[in-house]
Amino acid sequence: MRRVSPTDLPCKLSNSFIIIYSKYLLLPIKKSLSIILFTAASFKVNASITMSIIIQLKVSHVRHVTLLLSLLAFFSLCRSSTDLDYLNPAMTQVGCIEREREALMQIKSAFTDDPRGKLSSWTGRDCCTNWAGVTCSNMTGHVEELDLSGASLSGDLSSSITDLKYLTYLNLAYIDFQNKPIPEFIGLMERLTYLDLSCSLFGGVIPPQLGNLSNLIGLYLDYSSNCSSAYHGSELNWVSSLSSLQHLAIRKVNLSQTSEQWLHSINMLSNLISLDISDCGLAQLPQTLPFFNLTSLTHIDLSGNKFSSSMPTWLSNASSLEVIHISFSGLVGRIPGIAFQNMCSLRIIDLEQNSLKSGLVELIDTLANCSNSSMRVLHLQGNRLEEYLPESLGRLRNLNNIDLSFNFLFGSIPTSIGTLANLESINLYDNLMNGTIPESLGQLEGLHYLDIGGSHWQGFIRDAHLSNLENLTHLSLSCSNQSLIFGISTGWNPSFNLFKLCIWDCKLGPSFPAWVASQTNLQVLSSHKHNSFWHSPWLDFSENQLQGNLLAVLTLKKLSYGLMNLGDNLFDGRLPRLRNISELSLKNNKLSGVMSSDLLGQVPLLSRIDLSGNMLVGNIPKKWNGMDGLRYIDFSGNNLSGEVPEELCLLPSLAWLQLSNNNLSGEPCTSVIEFTSLSSIDLGENGFTGNVPKWRANYLQEMRLHGNLFKGSLPPELCSLSYLHVLDISHNKLSGSIPPCLGKMIGFRESRKLSLSKLRYQIRIQSFKMELIMKGNLLIFETNLPILNFIDLSGNELSGNIPEHITDLSNLNGLNLSDNQISGHIPENIGLLVNLESLDLSNNALEGHIPASLASITSLSHLNLSHNNLSGPIPTKNQFQTFNDPSIYEGNPGLCGAPLLKKCDAHNPDQDHANNSDVSEKMMLYTSIVLGFIFGFWGVCGTLALKKSWRDAYFCFVGI
């Protein structure tokens, strides 16, 4: 298109008027003068030549000449924006300059794909009118701007672009140049003032020829918007030649090999206003400069690099700076307050996610000394600051946002914070602040976001702390051991309407806080630390010892497909009919009564339900239709009875089923042939009967059937559960032998990737737990359950030998075969269980010696071999030196040695098995010594005795 100018019409009129005036009004003047003046107007003849001719004219014609010269000057001014050496035909003809149109067509033909059809408009003769992305001068017809961005073009860049001699603006952003190098001929386009190659998918090295573009004002090589840079720059020396540059952005370009000279090159750009070299992997950040030339710099962004150095001192010379971003760059040490001494224009400081340890107080004091401080944003989160907040913070009157979360700050919030009338966001989450919260905080009427959780606040929260925060939408705070007491008036009605409320480990109760009921916009209501960042509809007031009737709490608000966690409190009453809940936890309360048959009547999106640890009775509801998304069920620790509904077992997405510690009976899930999603099942401590189920389950990892009435033998189908790593079928009525295939179970042999447990971690309220007897104690495994490898077959009537291949389970952490009727020997190569921590073989009929290889398991910390028929000495090496409790070995009449009182008889071969290896090694040593002496002595002395020539030579050598 043509560039439109408001002076275009007057300029053309003046040109026409000059022609008319010269032709008709100056007839009395010499014909040569008319020709000269007309020529001067049209062809911009040098003014000195024109004046030399005019002087020769008669004085009577001066008035006409003066008027004509005035018109000439006005017309010349209109056309000063271009350098015309001749009258341009494009001023009077339709269409663009043919040479430039041909160049554009060559550019078009070089692109192989134009999915959005941007170049489809490039047809016809007039490239300045309707050609997308092309802008021409309205005076000369030359193409001055070319914008091909945002069209998803791909292909090559034609060298014909250099024929656009008057091009000043070139935007090639988001074009797929298929990793071809940036063409060096771009450096020939010296009129360019704007060049954007962002996300242009060039490859190779940034050509130093870009340094020839001395008229550039803006240069953009930005790869931060979901695109991957394939080119890099070894050095930035070429930048120093861009003397007119005002804006430089190089983002996500590999500059890891660039030396510290990059800053010296940048320092040559005296006109630079904004500098952005972020996420480029720069490793060098010079601390000083011989001189500071960036006097116009207002914005600097060096984030996402790898400096691992201190804050540079040369920043103190950049008094015009308004914005500083140096986040995620490995800055260490102290924040030098002096570096900010002259920066009264500074609006934003962003030094987040570094390793800065101190200097916060000095920084705030320095900024506060500016009487006209412009500071609005202070972000230092994710550092290691071990300081307090000074009172001078209240002098930063324009402060709008402060984020000092994830540091080690201590002390109190300064009372002066109440003077920051413009403050909208405060984030002090996860610090060590152990002081009080001032009531002046309640004066911040413009505050929207207040997160002071994750610390150890003390004292009280009263009405005055919150009364005037009428714009507050996010409130999060915490303390330690309920050291912060909520002293809110009973009838207090807050002026705000929160979207998110998170309060944990504070003294809220004993009853549910009434003022929360007025918060009709709540989407996240949490009193639990781990949920403080959740951004879905969420009600979490767990672990607060709150009391009252559950139904009254559930009428607080109607959550639309929300998450509700009221576990670990003292709520009582009966279970109401559930509605519009996606995840529900009411564990460890005092709920009683039966679960109604339509308990889950209107919860089609329910994915998790936890009612464990209550006093519920009766049967499990049978209506589970339409619950295709339900994955987690925990009804453990109640008094439920009857059978497990088959409808429950057939839920297609079921991943975790925990029904332990109830009075359930019958054969569970008999209609199930294969669990397609089941990850864990715990049916322990019930009255289930029948044989051990032969379910197929490709993802089953933990199975606990402890404390039931299962009978029969262990089914070989267990060995096909590839991912099983916790198997507890202890204290049942199993008989027969242990299947030899148990030693081939992959889950106990190979290291598992955590991705195999992904099913459980997709459920948002993570409270997975399983009770197992490990190391002789009943332990609850939660977060460490996925990495545990454990087999417990104790308390049954199993017989036969321990399978030899059980020693192939190299990742096994715990093995309990106690209280059975197992006979035979302990496998000699049991030492192959290198990760074993607990081994219990007690109360069986094992015989023979204790294998010496057992002493090589350095991780073994619990051992029980009592009440068997073992014999021989007890090993004394390695871990056995710590097993000094005689009860470990009691009930084995044939065992001897420490820690038992029975001493071993060294002459009794029957008691010599355990130390056979030691004796053999000693015998081999003694035999070697004797044989060595014999052969060595007779090999020398025998030879001397038998050979006289050797004997004479020897005696001659020793001088005898």
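Keep in mind that the numbers below use all heavy atoms, side chains included, and drop hydrogens, waters and symmetry copies. What you see is a predicted model, and the numbers here were worked out from it, not measured in a lab. Position 1 is the first residue of the sequence, and the numbers go up from there.
A donor-acceptor pair under 3.5 Å is formed between the side chain of Asn589 and the backbone N or O of Leu570. Panel note: side chain Ser653, backbone Asp628; a donor-acceptor pair is recorded below 3.5 Å. Side-chain atoms of Ser636 do not come within 3.5 Å of backbone N or O of Gln658 as any donor-acceptor pair. Within the 3.5 Å criterion, the main-chain N or O of Gly567 finds no donor-acceptor partner in the side chain of Asn588. The closest donor-acceptor contact from the side chain of Asn407 to the backbone of Arg384 lies under 3.5 Å. Of the possible donor and acceptor atoms, none in the side chain of Asp279 sits under 3.5 Å from a partner among the backbone N and O of Lys252. A distance-only check finds no donor-acceptor pair linking the side chain of Asn468 to the backbone of Glu445 [under 3.5 Å]. Of the possible donor and acceptor atoms, one in the side chain of Asn614 sits under 3.5 Å from a partner among the backbone N and O of Leu591. In this structure, the side chain of Asn639 does not engage the main chain of Met615 through any donor-acceptor pair within 3.5 Å. Under a 3.5 Å cut-off, the side chain of Asn784 and the backbone N or O of Glu782 do form a donor-acceptor pair.
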*asked:* Run Leu659 and Ile620 through side chain to side chain contact (heavy atoms under 4.5 Å, CB included) and show every step you take.
replied: CA-CA 10 Å; Leu659 303 175; Ile620 298 174; 4.1 Å; yes
*Can Ser489 and Asp463 be said to form a side chain to side chain donor-acceptor pair (under 3.5 Å), step by step?*
CA-CA 7 Å; Ser489 304; Asp463 302 6; 2.7 Å; yes
*When you look at Tyr632 and Asp610, which way does the side chain to side chain contact (heavy atoms under 4.5 Å, CB included) test go after all the steps?*
CA-CA 8 Å; Tyr632 179 104; Asp610 187 348; 3.9 Å; yes
*Would Phe328 and Glu352 satisfy side chain to side chain contact (heavy atoms under 4.5 Å, CB included), going step by step from the backbone distance to the final call?*
CA-CA 6 Å; Phe328 295 91; Glu352 66 174 294; 3.8 Å; yes
*Are Ile633 and Leu648 close enough, and set up right, to give a side chain to side chain contact (heavy atoms under 4.5 Å, CB included), and what steps lead you there?*
CA-CA 9 Å; Ile633 299 174; Leu648 184 153; 3.9 Å; yes
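Considering only heavy atoms from C-beta on, Leu360 comes within 4.5 Å of Leu389 through its side chain. With contacts defined as side-chain heavy-atom distances shorter than 4.5 Å, the pair His299/Leu275 does not qualify. With contacts defined as side-chain heavy-atom distances shorter than 4.5 Å, the pair Arg574/Val594 qualifies. In this structure the side chain of Leu788 never reaches within 4.5 angstrom of the side chain of Met770, judged on heavy atoms. With contacts defined as side-chain heavy-atom distances shorter than 4.5 Å, the pair Trp457/Met433 qualifies. Side-chain atoms of Ile324 and Phe340, non-hydrogen and from C-beta on, do get closer than 4.5 Å to each other. Between Trp492 and Leu466 the shortest side-chain heavy-atom distance falls below 4.5 Å. The side-chain heavy atoms of Ile402 and Leu393, taken from C-beta on, include a pair separated by under 4.5 Å.
If you check the side chains of Asp350 and His325, you find a donor sitting under 3.5 Å from an acceptor. Under 3.5 Å, the side chains of Asp430 and Ser405 contain no donor-acceptor pair of N or O atoms. Residues Ser416 and Glu391 have side chains that bring a donor and an acceptor to within less than 3.5 angstrom of each other. With no hydrogens or angles considered, no side-chain donor-acceptor pair links Ser303 and Ser278 at under 3.5 Å. If you check the side chains of Asp222 and Ser198, you find no donor sitting under 3.5 Å from an acceptor.
Interatomic distance, CG of Leu356 versus CD1 of Ile335, reported as 5.0 Å (0.5 Å rounding). To the nearest 0.5 Å, the span separating OG on Ser425 from CG on Asn400 amounts to 8.0 Å. For the atom pair Leu378 CG and Leu351 CG, the distance stands at 8.0 Å (nearest 0.5 Å). Separation of atoms CD (Glu583) and CG (Leu630) is listed at 10.5 Å; rounding is to 0.5 Å. Remark: Cys344 SG to Asn372 CG distance equals 5.0 Å, nearest 0.5 Å. To the nearest 0.5 Å, the span separating CG on Leu331 from OG on Ser355 amounts to 8.5 Å.
Using cut-offs of 30° and 60° on the angle between ring planes, the pair Trp515 and Phe486 is parallel. Classification of the Phe635-Trp624 ring pair by plane angle, with boundaries at 30° and 60°, yields tilted.
Taking the charged nitrogens against the carboxylate oxygens, Arg251 and Asp276 do have a contact shorter than 4.0 Å, which makes a salt bridge. Electrostatic pairing of Arg347 and Glu322 counts as a salt bridge here, judged by a charged N lying under 4.0 Å from a carboxylate O. Salt-bridge formation is detected for the pair Lys769/Asp634: a Lys NZ or Arg NE/NH1/NH2 atom is positioned less than 4.0 Å from an Asp or Glu carboxylate oxygen. Using a 4.0 Å cut-off between charged side-chain N and carboxylate O, Glu362 and Arg334 make a salt bridge.
Heavy atoms of other residues, nucleotides or ligands lying less than 6.0 angstrom from CZ of Phe410 number more than 12.
Closest heavy-atom contact between Ser440 and Ile417: OG-CG2, 4.1 Å. Taking both residues in full, the closest heavy atoms of Leu444 and Leu420 are given as CD2-O, 3.2 Å, listed atom of the first, atom of the second, then distance. The two residues Ser412 and Gly435 come nearest to each other via the heavy atoms OG-CA, 3.2 Å. Taking both residues in full, the closest heavy atoms of Ala339 and Met343 are given as O-CE, 3.1 Å, listed atom of the first, atom of the second, then distance. Across Ser329 and Gly304, no two heavy atoms sit closer than the pair OG-N, 3.2 Å. The shortest heavy-atom contact between Leu346 and Val323 is CD1-N, 4.0 Å.
No option in Asp365, Asn369, Thr419 other than Asn369 meets the side-chain hydrogen bond (donor to acceptor under 3.5 Å, both in side chains) test with Arg395.
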